[in-house]
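Let me begin by presenting the structure, written as structure tokens, before commenting on it.
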Amino acid sequence: MNTLQLDLGERSYPIHIGSNLIGQADLYKKHLKGNFSAVVTNETVAKLYADTVVKTLEGLGQKVRLIVLPDGEAYKTWETLQKIFDGLLESGADRKATLIALGGGVIGDMTGFAAACYMRGIRFIQVPTTLLSQVDSSVGGKTGINHPLGKNMVGAFYQPVAVIADLATLKTLPPKELAAGLAEVIKHGAIFDATFLSWIENNIQALNACDLAAMEHAVQRSCEIKSSVVAQDEREGGLRAILNFGHTFGHAIESGMGYGEWLHGEAVGCGMVLAADLSVRLGLLKAEDAKKLKDIIAQLNLPTQPPKFGVARYMELMAIDKKAEGGEIRYILLDGIGKSKIQAVDDELVAQTLIATGAA
Ligand code: NAD
Ligand code: GLY
């Protein structure tokens with residue numbers, strides 16, 4: 001097992017990465033305060049892993065409540081959040097209670113937000129079980145739910161007390177979900193670390209096969225990169241926005257298709273192809289590097305062909321993205337592989353990218 005530390009002063013926490021960790025009592029023990037824990041998960045993950053986690057906590061003398069939510073992005077809502085509060089209040093959970101988020105990003109984001117709100121804040125541990133949540137969403141403290149008018153529009157920055165990323169849980173992940181997680185791994189290499197992107201390029205087969213040694217390096221390096229960015233800019237005052245590379249176009253694809261048609265990671269994968277093309281047009285990135293990135297995305301079974309919504313519709317969809325601040329969209333661009341830049345771009349140039357990539 002490897003352990004990284006996300007440095008945020010008194011809110012610092014360890015990120016444990018390894019195989020068969022969810023049943024290791026000592027990883028939870030030092031982070032529990034009282035004698036009550038609630039394991040929050042969904043119907044799919046509960047069948048696979050809830051028993052191990054509940055028994056491990058009971059072995060530590062905890063009274064444990066299992067809260068099983070419906071599975072899916074469509075349930076990342078107020079109504080589902082209420083079910084967490086219902087379970088906690090019915091159990092008489094007090095301010096010393098600990099929440100355990102056992103699942104992917106949907107469970108992690110919702111449980112973190114519940115922890116931020118319940119009795120004005122209780123501790124929570126992230127136990128991410130998808131690749132996307134291990135390399136991205138469990139780290140950094142963005143929590144929240146969706147609103148009918150926008151994704152992740154209601155939430156809080158609220159850090160967990162620990163992250164326990166058990167690589168063995170990835171073995172049960174459907175291939176499409178694995179690919180969606182790999183999009184965020186590619187993103188980390190593209191924006192921050194050219195050597196890591198070359199490693200990804202040289203390990204395509206192992207990554208597609210969910211080889212655990214490859215997964216370990218992918219999760220480890222991604223968490224190092226994300227931790228380093230978050231430690232410098234926890235609340236996205238500036239630098240942290242680079243983690244949204246591919247997301248401006250990606251969110252347009254996701255919402256334009258209707259949420260659920262494309263997985264978030266698939267849309268981000270394709271969004272990176274468009275953002276790289278735009279970077280080439282601005283003279284920031286070499287065309288051959290944009291092609292290399294596109295090839296990696298395709299070989300990791302992610303879509304590279306955007307849906308053909310047309311220029312006007314893309315512009316409309318991107319303008320409502322929450323990252324459109326002060327009336328202008330700030331694009332995350334590649335300033336060469338491994339370096340990024342955030343800037344506004346002339347609409348005409350964006351239109352050229354949309355046309356050239358077949359989005360219009
Ligand atoms: P998800 O949580 O919906 O999980 C994907 C699917 O995999 C679900 O059906 C789930 O039940 C299933 N699953 C989970 N673990 C499994 C396992 N080990 N074996 C088999 N099936 C398993 O999706 P996700 O991709 O993990 O997360 C997406 C969410 O994360 C979105 O809501 C997105 O907004 C959010 N997100 C948050 C951040 C952040 O910084 N907080 C970053 C990126 C994404
Ligand atoms: N996934 C982007 C962030 O955490 O900032």
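Indexing begins at 1, ligand by ligand and atom by atom, following the structure's order.
- Of all protein heavy atoms, the one lying nearest to atom 1 (N) of ligand 2 is Asp136 OD1, 3.2 Å.
- For a threshold of 3.5 Å applied to N or O pairs, the pair formed by Glu184 and ligand 1 contains no separation below that value.
- Evaluated for a side chain to side chain contact (heavy atoms under 4.5 Å, CB included) with Met110, the options Asn42, Asn146, Val40, Leu69 yield exactly one hit, Leu69.
- The shell of residues lying under 4.0 angstrom from ligand 1, judged by heavy atoms, excludes Glu43.
- Judged by the shortest distance from any of its heavy atoms, His247 lies outside the 4.0 Å radius around the atoms of ligand 2.
- Within 6.0 Å of atom OH in Tyr158, more than 12 heavy atoms from other residues, nucleotides or ligands are found, so the atom counts as buried in its surroundings.
- With ligand atoms numbered from 1 in the order given, ligand 2 contributes 2 (C), 3 (C), 4 (O), 5 (O) to contacts under 4.0 Å with heavy atoms of Lys142.
- Atom 12 (C) of ligand 1 lies below 4.0 Å from none of the non-hydrogen atoms of the protein.
- Relative to atom 31 (C) of ligand 1, the option among Lys171, Lys142, Glu73, Lys47 with the closest non-hydrogen atom is Glu73.
- Hydrophobic clustering (side-chain heavy atoms under 4.5 Å, transitive across Ile, Leu, Val, Met, Phe, Trp, Tyr) keeps Leu173 apart from Leu21.
- With a 4.0 Å cut-off on non-hydrogen atoms, Lys226 touches ligand 2 through its side chain and not its backbone.
- Comment: Arg65 engages Glu90 in a salt bridge, judged by a side-chain N to carboxylate O separation of less than 4.0 angstrom.
- Closest to atom 5 (O) of ligand 2 by heavy atom, among Glu184, Arg240, Glu234, is Arg240.
- Close contacts between ligand 2 and Leu243 involve ligand atoms 2 (C), 3 (C), 5 (O) [criterion: under 4.0 Å to a heavy atom].
- For NZ of Lys292, the number of neighbouring non-hydrogen atoms (other residues, nucleotides, ligands) closer than 6.0 Å is greater than 12.
- For ligand 1, the atoms closer than 4.0 angstrom to any heavy atom of Tyr49 are 18 (N).
- What sits closest to atom 23 (O) of ligand 1 on the protein, heavy atoms only, is Gly105 N, 4.1 Å.
- Crowding of Lys76 atom NZ: a count of heavy atoms from other residues, nucleotides or ligands under 6.0 Å exceeding 12.
- Contact atoms of ligand 1 toward Asp71: 8 (C), 9 (O), 10 (C), 11 (O) (distance under 4.0 Å to a heavy atom of the residue).
- Side chains of Tyr49 and Thr41: a donor-acceptor N/O pair is absent below 3.5 angstrom, by distance only.
- In terms of N/O distances under 3.5 Å, ligand 1 is approached by Thr129.
- Below 4.0 Å from some heavy atom of Asp136 lie the following atoms of ligand 1, by number and element: 42 (C), 43 (C).
- Among residues two or more places apart in sequence or in another chain, the salt bridge (Lys or Arg N to Asp or Glu O under 4.0 Å) test is passed with Glu216 by none.
- Short contacts between ligand 1 and Leu48, defined as distances under 4.0 Å to a heavy atom of the residue, involve ligand atoms 19 (N), 20 (C).
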Thr44 and Asp71: CA distance, side-chain angles, deciding distance, side-chain hydrogen bond (donor to acceptor under 3.5 Å, both in side chains) verdict: CA-CA 7 Å; Thr44 310; Asp71 183 2; 2.5 Å; yes

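- Crowding of Lys96 atom NZ: a count of heavy atoms from other residues, nucleotides or ligands under 6.0 Å not exceeding 12.
- Close approach to Lys226 involves these atoms of ligand 1, each under 4.0 Å from a residue heavy atom: 40 (O).
- Contacts between Val230 and ligand 2, counted as non-hydrogen atom pairs separated by less than 4.0 Å, are absent for every part of the residue.
- Numbered from 1 in the order shown, with element, the atoms of ligand 2 that lie under 4.0 Å from a heavy atom of Asn244 read 2 (C).
- When each atom of ligand 1 is checked for a heavy atom of Lys151 under 4.0 Å away, the hits are 31 (C), 32 (O), 33 (C), 34 (O).
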side-chain hydrogen bond (donor to acceptor under 3.5 Å, both in side chains) assessment of Thr77 paired with Thr80: CA-CA 5 Å; Thr77 59; Thr80 318; 3.0 Å; yes

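- Heavy-atom proximity to Lys76, at under 4.0 Å, picks out these atoms of ligand 1: 31 (C), 32 (O), 33 (C), 34 (O), 35 (C).
- With ligand atoms numbered from 1 in the order given, ligand 1 contributes 10 (C), 11 (O) to contacts under 4.0 Å with heavy atoms of Asn42.
- Looking at Asp166, Leu69, Val106, it is Val106 that brings a heavy atom closest to atom 2 (O) of ligand 1.
- Taken together through direct or relayed side-chain contacts under 4.5 Å among Ile, Leu, Val, Met, Phe, Trp and Tyr, Ile355 and Leu282 form part of one hydrophobic cluster.
- In this pair, Phe196 and Trp199 present their aromatic rings parallel. The plane angle is below 30°, not in the 30 to 60° band.
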